[in-house]
Amino acid sequence: MGPLVVMGVSGSGKSTVGAALAQRLRVPFEDADDLHPSANIAKMSRGEALTDEDRYPWLELVGDWLAVHEDGGVMSCSALRRKYRDQLRSHVPGLRFLLLEGTQEVIARRQASRPGHFMPASLLTSQFATLEPLAPDEDGIVVDVDQSVDQIVQGYVEALHAESG
Ligand SMILES: Nc1ncnc2c1ncn2[C@@H]1O[C@H](COP(=O)(O)OP(=O)(O)OP(=O)(O)O)[C@@H](O)[C@H]1O
Ligand SMILES: O=C(O)[C@H](O)[C@@H](O)[C@H](O)[C@H](O)CO
């Protein structure tokens, strides 16, 4: 099984679900937040949304990690727009995605109870405006974030088995 990208807006649970899934699947985990150039972190911390130009070099680093882990690995990465996912697929054809989907209300509540993170709550609206859902021709599944992390992980593992089985 190739690598998996856990995607979604900020606060949707990518880091939490990604780490739990990697542990369950016994594969390496990486958080794309840790690959951002410091200028990107500084920009988001100021409450400014990243542009395509800001995201391009960062997505190249994400793609490099995925290519190195072509035999298995989980990456948490917002991958909000179709063209960002196309960029990642250029590193790993057929790359799989797990989209964490939730209402702005639920996600805002979670962000609010997560103090000390660089991402300000004010950027959530722009995150939702930028998000382009997975298209039918993209390899991926969508899960509702309004359930426990264990349920999300279990649901994904069951979907994998159903596919292969
Ligand atoms: N399924 C869940 N149920 C309840 N709380 C959750 C769930 N998933 C994540 N959380 C909590 O919601 C908050 C946001 O989760 P997390 O940091 O994993 O999101 P993220 O998408 O990685 O965010 P960012 O991209 O901004 O780093 C955290 O406090 C986390 O503990
Ligand atoms: O594409 C983006 O706008 C960024 O990746 C953001 O989503 C943050 O890095 C991340 O989610 C931290 O909150």
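Values reported hereafter were calculated over all heavy atoms of this structure, with side chains retained and with hydrogens, waters and symmetry mates removed.
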State plainly whether one hydrophobic cluster holds both [X] and [Y], where clusters connect Ile, Leu, Val, Met, Phe, Trp and Tyr through side-chain heavy atoms under 4.5 angstrom apart.
| X | Y | answer |
| --- | --- | --- |
| V157 | V74 | yes |
| L88 | Y56 | no |
| V17 | M119 | no |
| L160 | L4 | yes |
| V143 | V9 | yes |

So do [Y] and [X] actually touch side chain to side chain, heavy atoms under 4.5 Å?
| X | Y | answer |
| --- | --- | --- |
| I141 | Y156 | yes |
| S10 | L123 | no |
| M75 | H69 | no |
| R114 | Q111 | yes |
| L80 | R55 | yes |
| D139 | L95 | no |
| K43 | T51 | yes |
| L99 | L131 | yes |

Please confirm whether the backbone N or O of [Y] pairs with a side-chain atom of [X], one donor and one acceptor, at under 3.5 Å?
| X | Y | value |
| --- | --- | --- |
| N40 | D54 | yes |
| W65 | G73 | no |
| K14 | V6 | no |
| E132 | R82 | yes |

[X] side, atom [atom1]; [Y] side, atom [atom2] - distance, nearest 0.5 Å:
| X | Y | atom1 | atom2 | answer |
| --- | --- | --- | --- | --- |
| S76 | E30 | OG | CD | 9.0 Å |
| L35 | C77 | CG | SG | 8.5 Å |
| T130 | L50 | OG1 | CG | 9.5 Å |
| D146 | E101 | CG | CD | 11.5 Å |
| L21 | I152 | CG | CD1 | 9.0 Å |
| D34 | L61 | CG | CG | 12.0 Å |

Can you classify the ring geometry of H36 versus F118 as parallel (below 30°), tilted (30 to 60°) or perpendicular (above 60°)?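 Because their plane-to-plane angle is over 60°, the rings of H36 and F118 count as perpendicular.
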
When you compare the side chains of Q87 and E60, does any donor N or O come within less than 3.5 Å of an acceptor on the partner?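 There is such a pair between these side chains.
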
For residues H91 and E70, is any side-chain donor paired with an opposing acceptor at under 3.5 Å? no

Would you name the heavy atoms of I41 and D33 that are closest together and state the gap between them? CD1-O, 3.9 Å

Quick one: do M7 and L134 satisfy side chain to side chain contact (heavy atoms under 4.5 Å, CB included)? Show the steps, please. CA-CA 10 Å; M7 60 167 288; L134 287 167; 4.0 Å; yes

Side chain to side chain donor-acceptor pair (under 3.5 Å) with D52: which residues, sequence neighbours excluded?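 Once residues adjacent in sequence are excluded, the partners of D52 under the side chain to side chain donor-acceptor pair (under 3.5 Å) criterion are R81, K83, Y84.
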
Any carboxylate oxygen within less than 4.0 angstrom of a Lys/Arg side-chain nitrogen, looking at R89 and E138?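 Yes, charged N to carboxylate O under 4.0 Å.
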
